[in-house]
Amino acid sequence: MILVVVSGLTLVGIALWRVATTPTSQTVTPEIMGTTTHLTAVGRRADLGPALDAAQAALRSVNRTMSTYDPSSELSRINAGQSPDDIAPELGAVLEFGLHMSSRTDGAFDATVYPLVQLWAKAAAAGRPPDDAELADARSHVGWRKVSLTMDPLNPQPATQPGGRRWVLRMPVGTQITLDAIAKGDAVDLAVAAMRTGRHLAGGMVEVGGDLRCFGRPADGGFWRVGVQSPWEEGRVLMRLRPLTDSGELCVCTSGNYRRYYEIAGKRYSHIIDPATGEPADAVPSVTVIAPSCMKADGWATALSVLGVEKGLKLVEQESGVEAMFVTGTKDNPEYHYSSGFKKYVIEE
Ligand code: ADP
Ligand code: MG
């Protein structure tokens with residue numbers, strides 16, 4: 001009798017243990033950084049809520065530092081000419097990457113395009129394209145070589161420690177910076193790191209407005225499948241991508257003119273500016289990039305939108321770990337242009 005009760009309890013115990021340890025998943029979809037987000041954590045039930053909270057906090061923190069829409073963000077204060085010295089270590093690291101992207105892409109990526117971004121936004125609000133004088137004035141303030149970002153060489157402590165090394169930023173009056181082209185990717189990377197810190201998740205995924213990073217496995221134990229959307233029909237999936245390694249790690253980013261654009265007198269203009277002309281870059285409907293980090297994928301997706309298929313693919317072939325796929329043509333006749341390593345991520349369906 002006792003034996004039966006004991007083994008009964010053991011069975012109940014095993015069943016409860018199974019429930020507690022079989023990975024389950026939880027998803028939240030808060031609106032952050034002015035866009036939709038999807039965050040999924042897979043693991044023990046007790047870990048999921050805290051993991052998702054930590055990831056959301058990381059997204060919000062990047063926004064507080066780097067948003068150009070929030071006048072009290074550190075970047076907005078820098079753009080307003082307040083205290084360009086001693087900038088936050090996170091901001092310094094992202095800006096440093098932005099400058100690196102400029103030198104890799106011969107200025108197709110340029111964080112100093114902000115005066116042009118504002119000019120085109122103003123033009124859209126006024127319902128007419130900017131005139132030559134306005135364009136010339138904005139362009140006179142643009143150019144990544146105007147920005148000097150250095151790390152104070154005398155302090156040996158890492159930048160992330162209190163009292164550690166400091167970034168020193170110098171730029172002329174009138175020069176303004178937007179990190180919008182890489183901040184979302186950076187936020188996704190930091191959110192995934194925050195999700196994983198201090199807990200063993202079976203998998204997870206963070207997506208912010210077209211920038212996605214996943215790791216491990218989804219709750220069904222298979223592998224993550226990442227849909228690439230059509231630039232012409234929101235919600236229509238053109239192809240699916242998968243991670244190639246057991247780690248389940250994949251960073252994918254799509255830049256397209258379907259989500260954000262200016263409309264002036266019935267014509268759509270991209271929100272990506274070609275720094276060489278000051279005009280919106282309308283060469284390609286969409287570019288999808290796979291890279292070792294989401295920030296890198298994000299930066300390349302923006303740069304490739306400016307460079308176009310031919311120049312873009314040439315540069316990407318020289319960049320280790322970065323693969324790209326352009327979509328051109330029309331809705332009924334889409335054309336795909338792949339870098340040499342992209343297709344191995346595509347799921348044949
Ligand atoms: P999305 O992922 O929404 O398509 P992107 O990552 O391409 O956006 O970033 C677009 C934003 O980057 C623009 O709104 C603008 O602030 C900024 N930007 C525009 N053109 C450039 C450029 N050539 N280099 C760097 N940043 C740019
Ligand atoms: Mg980008």
Side-chain angles (χ1 to χ4, degrees), residues 13-67 90 93-94 160 182-229 235 237 240-254 259 288-298 301 321 345 347:
I14 288 172
L16 284 176
W17 179 81
R18 279 250 171 85
V19 168
T21 54
T22 303
T24 79
S25 83
Q26 193 175 324
T27 297
V28 291
T29 58
E31 198 165 294
I32 304 177
M33 308 179 91
T35 184
T36 54
T37 70
H38 283 88
L39 297 88
T40 298
V42 185
R44 292 188 317 148
R45 192 173 295 278
D47 282 338
L48 304 184
L52 293 170
D53 287 348
Q56 289 184 71
L59 294 181
R60 293 206 161 88
S61 157
V62 170
N63 206 33
R64 266 197 303 280
T65 313
M66 279 170 245
S67 172
E90 316 85 85
V94 176
T160 43
I182 41 177
K184 264 192 305 179
D186 176 50
V188 168
D189 291 333
L190 295 177
V192 165
M195 194 185 258
R196 303 179 78 168
T197 300
R199 52 186 83 82
H200 287 287
L201 296 178
M205 191 272 293
V206 175
E207 188 259 338
V208 178
D211 291 19
L212 182 147
R213 183 169 185 145
C214 57
F215 65 91
R217 289 165 186 282
D220 68 8
F223 50 83
W224 295 103
R225 293 156 187 269
V226 179
V228 178
Q229 267 192 44
V237 171
R240 289 183 201 280
L241 310 176
R242 58 163 297 173
L244 294 183
T245 60
D246 270 350
S247 71
E249 300 257 9
L250 187 66
C251 300
V252 183
C253 195
T254 299
R259 272 174 199 267
T288 296
V289 177
I290 297 172
S293 77
C294 232
M295 178 158 76
K296 199 162 191 183
D298 198 358
Y345 293 92
I347 301 172

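This is a predicted model, so every value here is computed, not measured.
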Pairwise distance [atom1]([X]) to [atom2]([Y]) - rounded to 0.5 angstrom:
{"X": "T40", "Y": "L201", "atom1": "OG1", "atom2": "CG", "value": "11.5 Å"}
{"X": "R44", "Y": "H200", "atom1": "CZ", "atom2": "NE2", "value": "9.5 Å"}
{"X": "R217", "Y": "S247", "atom1": "CZ", "atom2": "OG", "value": "9.5 Å"}
{"X": "M205", "Y": "L212", "atom1": "CE", "atom2": "CG", "value": "5.5 Å"}
{"X": "N63", "Y": "M33", "atom1": "CG", "atom2": "CE", "value": "4.5 Å"}
{"X": "I182", "Y": "K296", "atom1": "CD1", "atom2": "NZ", "value": "12.5 Å"}

- Message: Keeping K184 on the side-chain end and D211 on the backbone end, is there a donor-acceptor pair under 3.5 Å?
- Response: no
- Considering all heavy atoms, the nearest D189-S293 contact: OD2-CB, 3.5 Å
- Of the non-hydrogen atoms in G185 and D298, which two are nearest, and what is the gap between them? N-OD2, 3.0 Å
- State whether F215 and R196 meet the cation-pi test: NZ (Lys) or CZ (Arg) under 6.0 Å from the six-membered ring centroid, and within 45° of the perpendicular axis. yes
- Query: Would you say D220 has more than 12 foreign heavy atoms packed within less than 6.0 Å of its CG?
  - Reply: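 Enclosed: over 12 neighbouring heavy atoms sit under 6.0 Å from CG of D220.
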- Message: Check this for me: does any side-chain nitrogen of one of E207 and R213 sit under 4.0 Å from a carboxylate oxygen of the other?
- Response: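 So E207 does not pair with R213 through a salt bridge.
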- Message: Between R60 and E31, does any NZ, NE, NH1 or NH2 come within less than 4.0 Å of an OD or OE carboxylate oxygen?
- Response: no
- Does the side chain of I290 reach to within under 4.5 Å of the side chain of L250, using non-hydrogen atoms? yes
- Within-4.5 Å side-chain heavy-atom neighbours: V206 and T37: no
- Message: Is there a side chain to side chain contact (heavy atoms under 4.5 Å, CB included) between L52 and M195? Walk through the geometry before answering.
- Response: CA-CA 6 Å; L52 293 170; M195 194 185 258; 4.0 Å; yes
